[in-house]
A.B. asks: 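Got a structure for you, questions after.
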Amino acid sequence: DAGITQSPRHKVTETGTPVTLRCHQTENHRYMYWYRQDPGHGLRLIHYSYGVKDTDKGEVSDGYSVSRSKTEDFLLTLESATSSQTSVYFCAISDRLAGDVANNEQFFGPGTRLTVL
Amino acid sequence: RKEVEQDPGPFNVPEGATVAFNCTYSNSASQSFFWYRQDCRKEPKLLMSVYSSGNEDGRFTAQLNRASQYISLLIRDSKLSDSATYLCVVFTGKLIFGQGTTLQVKP
């Protein structure tokens, strides 16, 4: 299995509080991604990074920010958590832009279950 | 309309059955296609890429029909361990995931 860890694995927080989720990889992959997964929806991209300090928005980026100061770490921050951000968050990595060619696999971390009350 | 659509199921089949899932995509410019597998409360993992000519990996066969913009996955001789959610994934500048089709294989 690819070396990807996420922390925390579970978190319950209250509306209006800031929350930071961490993704750590030991594969030295260039690309890192944050997704959220909700019932009735596929995985939806929040933000991604294509290098240290290089990030871009995904399709559901509102209310989220990211930072990547080292190759191995990609942080997702909810500035002021809302109940609509209750979800399962997955981090993923790839050594080139995932999916641009066949067999270019994206490896996922174990996920973080976030509940915003 | 969603960019990638799948029947969420669940598909309940007995062991040994053959089952097929379809997935449709809306962007004709889509370049690459994949099936990922996701076990309950686990992360998704790549099952197989889908090639234009169709491809097979053991009991699994994937097909692509660009003209009709759909992808299929056929599983033969279903095993209990095949029970999972199967995600159709399309690359159009970025990966777009379908919501998944749930398969439950019964003894």
Side-chain angles (χ1 to χ4, degrees), chain A residues 1-7 9-10 21 23-25 29 31-50 55-61 87-115, chain B residues 1-10 21 23-27 29-57 60 62-64 66 71 84-102:
Chain A
D1 289 345
I4 313 169
T5 56
Q6 293 184 231
S7 59
R9 294 292 314 280
H10 302 270
L21 308 182
C23 177
H24 179 78
Q25 61 144 328
H29 281 359
Y31 289 84
M32 298 185 76
Y33 312 78
W34 277 108
Y35 291 90
R36 60 178 290 174
Q37 187 173 37
D38 305 288
H41 296 275
L43 284 151
R44 292 181 291 173
L45 183 65
I46 304 171
H47 283 280
Y48 71 101
S49 169
Y50 46 96
T55 65
D56 206 350
K57 295 179 180 181
E59 64 180 297
V60 291
S61 59
S87 186
V88 179
Y89 291 85
F90 286 101
C91 173
I93 64 173
S94 62
D95 60 358
R96 52 182 293 174
L97 182 61
D100 64 342
V101 294
N103 291 322
N104 182 18
E105 183 173 356
Q106 192 173 61
F107 298 93
F108 287 84
T112 294
R113 292 187 174 272
L114 176 67
T115 301
Chain B
R1 181 186 173 189
K2 292 181 179 178
E3 291 187 72
V4 178
E5 295 206 61
Q6 297 181 251
D7 179 349
F21 310 134
C23 162
T24 59
Y25 60 95
S26 61
N27 192 331
S30 298
Q31 300 161 257
S32 310
F33 309 88
F34 308 86
W35 284 101
Y36 275 69
R37 170 188 169 136
Q38 186 173 22
D39 293 321
C40 187
R41 301 177 78 86
K42 297 288 190 180
E43 71 273 20
K45 294 184 178 181
L46 179 66
L47 177 66
M48 58 197 302
S49 300
V50 185
Y51 299 103
S52 296
S53 55
N55 49 299
E56 188 174 304
D57 183 2
F60 298 83
Q63 298 276 357
L64 168 64
R66 284 190 184 271
I71 307 149
T85 297
Y86 293 84
L87 308 177
C88 173
V89 186
V90 172
F91 180 81
T92 311
K94 59 182 171 69
L95 289 178
I96 308 295
F97 288 78
Q99 67 171 336
T101 297
T102 297

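Residue numbers start from 1 in every chain, and the chains themselves are labelled A, B, ... in the order their sequence lines are given, proteins ahead of strands. Everything numeric here is computed off the predicted structure, so don't read it as measured data.
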A.B. asks: Where on A/Y35 is there a heavy atom nearer than 4.5 Å to chain B: the side chain, the backbone, both, or neither?
C.D. replies: side chain
A.B. asks: Can you tell me which portion of A/R113 sits under 4.5 Å from chain B's heavy atoms? Options are side chain, backbone, both or neither.
C.D. replies: side chain
A.B. asks: For B/Q6, is it the side chain, the backbone, both, or neither that has a heavy atom closer than 4.5 Å to a heavy atom of chain A?
C.D. replies: neither
A.B. asks: Looking only at the side chains, is there a donor atom on one of B/D7 and B/T101 sitting less than 3.5 Å from an acceptor on the other?
C.D. replies: no
A.B. asks: Could you work out, with side-chain contact (heavy atoms from CB on, under 4.5 Å) as the rule, every residue matching B/P8, not counting sequence neighbours?
C.D. replies: B/Q99
A.B. asks: By a 4.5 Å heavy-atom criterion (distance strictly below it), what part of A/Q106 contacts chain B: side chain, backbone, both, or neither?
C.D. replies: both
A.B. asks: Which label fits B/W35 and B/F21: parallel for a plane angle under 30°, tilted from 30 to 60°, or perpendicular past 60°?
C.D. replies: tilted
A.B. asks: Heavy atoms only: give me the nearest B/S30-B/T92 pair and the separation to one decimal.
C.D. replies: OG-OG1, 2.8 Å
